[in-house]
Amino acid sequence: MIRFEQVSVSYADAPAPALAGVDLTVPEGELCLLVGPSGVGKSTLLGAVSGLVPHFTGGTLRGRVTVAGRDTRTHRPRELADVVGTVGQDPLAHFVTDTVEDELAYGMESLGLPGDTMRRRVEETLDLLGLADLRDRPITTLSGGQRQRVAIGSVLTTHPRVLVLDEPTSALDPAAAEEVLAVLQRLVHDLGTTVLMAEHRLERVVQYADRVVLLPGPGEPPVTGDPAEVMAV
Ligand code: ADP
Ligand code: ADP
């Protein structure tokens with residue numbers, strides 16, 4: 001579902017490439033965890049999947065990244081929106097509406113979907129993420145875990161085949177983190193969504209992963225394996 005072939009990314013003002021010669025395959029319907037120390041290129045790698053690199057955050061991309069067969073260098077993020085959904089680190093920074101229900105609808109508006117499809121998908125997503133009781137609540141009154149579920153929901157209503165998340169639990173307490181991870185696991189198992197998620201705190205998250213991709217150091221190739229194998233490295 002996601003394939004990197006000899007991918008390197010360099011930023012103009014940086015002395016060394018953020019990624020060098022990365023080969024990587026993430027099969028459909030897996031929850032794949034991307035780990036490694038800070039500054040090793042995790043956000044850059046996620047950005048190359050969603051098309052933010054090179055279209056929005058700069059960086060020169062060499063090699064080829066494809067998502068569901070689409071080249072992310074020749075397709076702008078808008079042209080990937082029906083395939084890849086992206087959830088950033090700080091959901092509060094991205095909320096654009098007031099209530100939970102409006103926020104879930106917002107992600108679909110740019111896709112120009114008919115009103116009845118939008119309403120049906122909002123209902124589906126409220127149920128799927130356990131948000132039905134909160135639909136009219138202002139987002140500012142929600143807990144961290146609830147907000148993160150809304151952020152995921154606003155992307156899910158576009159029915160992406162791939163969901164990319166940058167440290168979705170880093171701002172959450174352990175209980176809220178579990179809430180979010182359980183939701184992601186359900187997406188993978190019930191809907192066959194492919195999830196690629198960066199985290200720097202491995203221990204709490206690794207039990208949810210089908211596959212772990214470790215970026216061991218700047219410019220070093222990724223090590224991919226099942227969670228137990230990579231934990232032993
Ligand atoms: P991580 O997510 O693992 O912390 P990043 O992908 O954010 O790593 O960063 C990898 C390297 O690229 C770092 O050295 C960082 O400073 C640099 N970098 C990231 N984004 C940019 C940018 N937009 N411009 C210049 N350098 C960047
Ligand atoms: P549409 O919205 O395209 O008219 P439906 O709402 O009927 O279609 O959903 C089509 C199928 O997608 C349903 O079987 C539904 O359960 C499933 N589905 C629901 N949410 C998601 C999601 N987030 N990602 C992928 N499939 C989903």
Side-chain angles (χ1 to χ4, degrees), residues 2-26 30-67 71-78 80 84-94 144 148 151-152 155 160 162-172 177 180-181 184 194-206 208-225 227 229-231 233:
I2 302 172
R3 186 184 295 275
F4 280 60
E5 293 163 78
Q6 282 298 303
V7 173
S8 300
V9 176
S10 311
Y11 294 106
D13 45 356
L19 295 176
V22 171
D23 287 304
L24 178 66
T25 303
V26 180
E30 281 197 358
L31 198 160
C32 178
L33 184 61
L34 175 63
V35 297
S38 179
V40 84
K42 298 185 296 298
S43 298
T44 298
L45 193 155
L46 297 184
V49 174
S50 58
L52 295 177
V53 177
H55 298 290
F56 281 95
T57 58
T60 302
L61 191 151
R62 288 194 193 78
R64 210 158 88 98
V65 181
T66 53
V67 183
D71 189 324
T72 71
R73 186 166 44 181
T74 53
H75 292 75
R76 299 185 61 81
R78 167 164 44 77
L80 297 167
V84 192
T86 305
V87 178
Q89 240 173 68
D90 175 11
L92 259 194
H94 304 290
Q148 193 58 272
I152 292 169
V155 170
V162 175
L163 184 62
V164 169
L165 306 102
D166 200 349
E167 304 199 357
T169 70
S170 65
L172 303 179
V180 167
L181 291 164
L184 294 175
T194 305
V195 173
L196 178 61
M197 168 170 77
E199 280 291 349
H200 67 278
R201 272 170 303 183
L202 188 58
E203 66 287 349
R204 164 161 105 185
V205 189
V206 73
Y208 291 89
D210 298 308
R211 175 183 303 260
V212 176
V213 173
L214 168 70
L215 287 173
E220 291 180 41
V223 179
T224 303
E229 272 170 37
V230 176
M231 284 295 276
V233 171

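Just follow the structure's listing: the first ligand is 1, and inside any ligand the first atom is 1. All values below were derived from every heavy atom in this structure, side-chain atoms included, with hydrogens, water molecules and symmetry-related copies excluded.
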request  = Could you check V53, T72, V22 and say which one makes a side chain to side chain contact (heavy atoms under 4.5 Å, CB included) with V65?
outcome  = T72

message = I need the contact residues for ligand 1: any residue with a non-hydrogen atom closer than 4.0 Å to the ligand, ordered by chain then number.
response = Y11, D13, A18, P37, S38, G39, V40, G41, K42, S43, T44, T57

task = Report yes or no: does H55 contribute a side-chain atom to a donor-acceptor pair with the main-chain N or O of S50 at less than 3.5 Å?
result = no

request  = Take atom CZ of R3 as the centre, draw a 6.0 Å sphere, and report whether it contains more than 12 heavy atoms from other residues, nucleotides or ligands.
outcome  = no

ask   = Is R62 atom CZ crowded by more than 12 heavy atoms from other residues, nucleotides or ligands, each under 6.0 Å away?
value = no

key: Test side chain to side chain contact (heavy atoms under 4.5 Å, CB included) applied to M197 and D166, V87, L31, the passing residue   = L31

task = Could you tell me whether the side chains of T44 and Y11 share a donor-acceptor contact shorter than 3.5 Å?
result = yes

